[in-house]
Participant: 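Pasting a structure below so you can have a look.
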Amino acid sequence: MPALLRTKIQLPPLRSGHVTRERILSRFEDHSMAQLFLVSAPAGFGKSTALIQWAQDLRETDTRIVWYALDERDNDPARFAAYLLAAFRTHEVILSVLPDHEEQVSLQDAVDYILNAVTDTATSNVLILDDYHLITEPRIHHAIGRMIDHMPSNMRLALGTRADPPLQLARLRVRGEIAEIRMHDLRFNVSEMRDWLNTSLGWYPAQDTIAELDATTEGWAAAVALILMSQSVVDDAALVKQLARFSQSRRHVFEYFAQEI
């Protein structure tokens, strides 16, 4: 197995200018007993940011956070297993009961090792798999489904994805064991947009301008970020002009979608 990239299994820091969204955090807190947290929305709605903020908050409660950022190459079950074990090995308490990193373990065995290791500890654990929509390998979906079926009470799983995964979602809904945060939840409302603009620009735009920005972007975080990228947004009048340019061309939005989707 080639060397593993450590940044894929390290919880990223929040970006500068980040605005804490208490409304989204409360959605996680309201479903604290759920087994699976599904954060599902198209590109640019802030799924990863929401998961990172939630994870940072959980760390303050001594919850053990295990982060794994996925890419297309992770469709190899052996690679997936190696990264999954490596992510849990970043915690010394778990490390002692997992196989040595030089030992090649099947994905199914890796899941079983992890479930047993977590069961033997009293600490709460949250495994976050970001960009899960990149996973298309049925064997990996099967392993994650098995993990959900056998997770101990002190473990939860969170998925950040652009599309609902082929897992037993209906069954989890019936049991009330899934928390779903979707596009309509992740959209910025007017109050959140006002705080974001103040953090980014250092001043509060007029209420009419904020309302126009909300109507133009429909709370889509990526669109707001693209508008704020302009160095010319130095006052309310400049922001209104930038909004007009965005509404007319939307070129940057097309470029964003071309790169992301």
Side-chain angles (χ1 to χ4, degrees), residues 1-12 33-40 48 51 54-55 58-59 62-161 163-172 175 177-179:
M1 174 64 62
L4 303 181
L5 188 61
R6 293 176 185 170
T7 52
K8 282 172 61 66
I9 53 175
Q10 292 175 349
L11 179 64
M33 301 305 293
Q35 279 191 307
L36 174 64
F37 290 82
L38 181 65
V39 184
S40 180
S48 297
L51 286 167
W54 179 52
L58 285 176
R59 271 186 169 177
D62 294 327
T63 297
R64 186 180 293 123
I65 302 298
V66 181
W67 176 272
Y68 180 8
L70 301 163
D71 59 49
E72 290 87 349
R73 295 177 62 197
D74 294 315
N75 278 290
D76 174 7
R79 176 184 170 88
F80 192 98
Y83 266 110
L84 197 60
L85 286 169
F88 276 90
R89 286 194 194 100
T90 59
H91 300 278
E92 291 187 6
V93 175
I94 296 286
L95 175 64
S96 62
V97 290
L98 291 179
D100 186 84
H101 70 278
E102 294 182 357
E103 181 181 346
Q104 189 158 350
V105 178
S106 72
L107 177 55
Q108 193 58 70
D109 285 344
V111 168
D112 291 348
Y113 272 119
I114 287 166
L115 293 175
N116 288 336
V118 172
T119 301
D120 290 341
T121 67
T123 305
S124 179
N125 296 261
V126 175
L127 168 61
I128 301 176
L129 302 177
D130 197 27
D131 287 333
Y132 192 78
H133 57 274
L134 297 174
I135 298 301
T136 58
E137 171 55 57
R139 288 173 291 177
I140 295 178
H141 293 313
H142 176 76
I144 295 300
R146 175 178 166 79
M147 175 180 280
I148 294 171
D149 284 341
H150 297 282
M151 276 198 302
S153 59
N154 63 330
M155 181 175 178
R156 288 170 285 172
L157 172 65
L159 304 179
T161 179
D164 286 5
L167 301 173
Q168 57 272 35
L169 302 183
R171 187 172 68 193
L172 292 170
R175 295 178 178 176
E177 295 174 348
I178 182 173

Participant: Which atom pair, heavy atoms only, marks the closest approach of Val105 to Ala81?
Facilitator: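 Shortest heavy-atom contact: O-CB, 3.8 Å.
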
Participant: Would you call the rings of Phe80 and Tyr68 parallel, tilted or perpendicular if under 30° counts as parallel and over 60° as perpendicular?
Facilitator: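 Judged by the thresholds at 30° and 60°, the geometry between Phe80 and Tyr68 is tilted.
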
Participant: Is the shortest heavy-atom distance from the side chain of Leu157 to the side chain of Gln35 under 4.5 Å?
Facilitator: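 No, every pair of side-chain atoms sits at 4.5 Å or beyond.
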
Participant: I need the minimum non-hydrogen distance between Ala55 and Ile65, along with the two atoms involved.
Facilitator: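 The answer is O-CG1, 3.7 Å.
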
Participant: Please examine the side chains of Met155 and Leu115, heavy atoms only from C-beta on, and report whether any two atoms are closer than 4.5 Å.
Facilitator: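 Contact flag for Leu115/Met155 side chains = yes.
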
Participant: Heavy-atom count around His133 NE2 within 6.0 Å, excluding the residue itself: above 12?
Facilitator: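 Counting other residues, nucleotides and ligands, NE2 of His133 exceeds 12 neighbours.
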
Participant: Rounded to the nearest 0.5 Å, what separates atom CG in Leu51 from atom CH2 in Trp67?
Facilitator: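 These two atoms lie 5.5 Å from each other.
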
Participant: A side-chain contact here means heavy atoms from C-beta on lying under 4.5 Å apart; do Thr121 and Arg64 qualify?
Facilitator: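 The answer is yes; the side chains approach within 4.5 Å.
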
Participant: Output, in order, the C-alpha distance, side-chain angles, deciding distance and verdict of side-chain contact (heavy atoms from CB on, under 4.5 Å) for Phe88 and Tyr113.
Facilitator: CA-CA 10 Å; Phe88 276 90; Tyr113 272 119; over 6 Å; no

Participant: Can you tell me how far apart NE2 (His91) and OG1 (Thr123) are? Round to the nearest 0.5 Å.
Facilitator: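 With rounding to 0.5 Å, NE2 (His91) is 10.0 Å from OG1 (Thr123).
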
Participant: With side chains defined as the heavy atoms from C-beta onward, is the minimum distance between Leu5 and Tyr83 less than 4.5 Å?
Facilitator: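 With C-beta onward as the side chain, the pair touches.
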
Participant: Are the side chain of Asn154 and the backbone N or O of Val118 linked by a donor-acceptor pair below 3.5 Å?
Facilitator: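 At least one qualifying donor-acceptor pair exists.
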
Participant: On a heavy-atom basis, which atom in Ala86 and which in Leu4 lie closest, and how many Å separate them?
Facilitator: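 Minimum heavy-atom contact is CB-CD1, 3.7 Å.
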
Participant: In the structure I gave you, are the side-chain heavy atoms of Val39 and Trp54 within less than 4.5 Å of one another anywhere?
Facilitator: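 Side-chain contact under 4.5 Å: no.
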
Participant: If you round to the nearest 0.5 Å, how far is CD1 of Ile148 from CD of Glu177?
Facilitator: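 Between atom CD of Glu177 and atom CD1 of Ile148 there are 10.0 Å.
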
Participant: Roughly how far, to the nearest 0.5 Å, is CG of Leu84 from CZ of Arg89?
Facilitator: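 Between Arg89 CZ and Leu84 CG, I get 10.0 Å after rounding to 0.5 Å.
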
Participant: Sub-3.5 Å donor-acceptor pair from the side chain of His141 to the main-chain atoms of Ile135, do we have one?
Facilitator: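 Present.
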
Participant: When rounded to the nearest 0.5 angstrom, what is the spacing between CE in Met147 and CD1 in Ile114?
Facilitator: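 Here the rounded value is 5.0 Å.
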
Participant: Is any side-chain heavy atom of Arg139 less than 4.5 Å from a side-chain heavy atom of Gln108?
Facilitator: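 Not in contact.
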
Participant: Roughly how far apart are Asp112 CG and Leu107 CG, rounded to 0.5 Å?
Facilitator: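 Those atoms lie 9.5 Å apart.
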
Participant: Scan Leu36, Ile140, Leu38 and name whichever one has a side chain to side chain contact (heavy atoms under 4.5 Å, CB included) with Pro165.
Facilitator: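 Testing Pro165 for a side chain to side chain contact (heavy atoms under 4.5 Å, CB included) against Leu36, Ile140, Leu38 leaves exactly one candidate, Leu38.
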
Participant: Is the backbone N or O of Asp71 less than 3.5 Å from a side-chain atom of Asp74, with the two atoms forming a donor-acceptor pair by type?
Facilitator: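 The answer is yes, because a donor-acceptor pair under 3.5 Å joins these two groups.
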
Participant: Determine, step by step, whether Ile144 and Leu129 satisfy the side-chain contact (heavy atoms from CB on, under 4.5 Å) criterion, reporting the C-alpha distance in whole Å, the side-chain angles of both residues, the deciding distance to 0.1 Å, and the verdict.
Facilitator: CA-CA 10 Å; Ile144 295 300; Leu129 302 177; 3.8 Å; yes

Participant: Tell me whether Lys8 is salt-bridged to Asp131, with the criterion being a basic N under 4.0 Å from an acidic carboxylate O.
Facilitator: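 Looking at Asp131 together with Lys8, the answer is no, because their closest N to O distance does not fall below 4.0 Å.
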
Participant: Evaluate side-chain contact (heavy atoms from CB on, under 4.5 Å) for Thr119 paired with His150, printing each intermediate quantity in order.
Facilitator: CA-CA 10 Å; Thr119 301; His150 297 282; over 6 Å; no

Participant: The test is side-chain contact (heavy atoms from CB on, under 4.5 Å); show your working for Leu167 and Leu172 and say whether it passes.
Facilitator: CA-CA 9 Å; Leu167 301 173; Leu172 292 170; over 6 Å; no

Participant: Sub-3.5 Å donor-acceptor pair from the side chain of Asn75 to the main-chain atoms of Glu137, do we have one?
Facilitator: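 Side chain of Asn75 to backbone of Glu137, a donor-acceptor pair under 3.5 Å: yes, one is there.
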
Participant: What is the minimum heavy-atom distance between Arg156 and Ser124, and which atoms define it?
Facilitator: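 The pair with the smallest heavy-atom distance is NH2-OG, 3.5 Å.
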
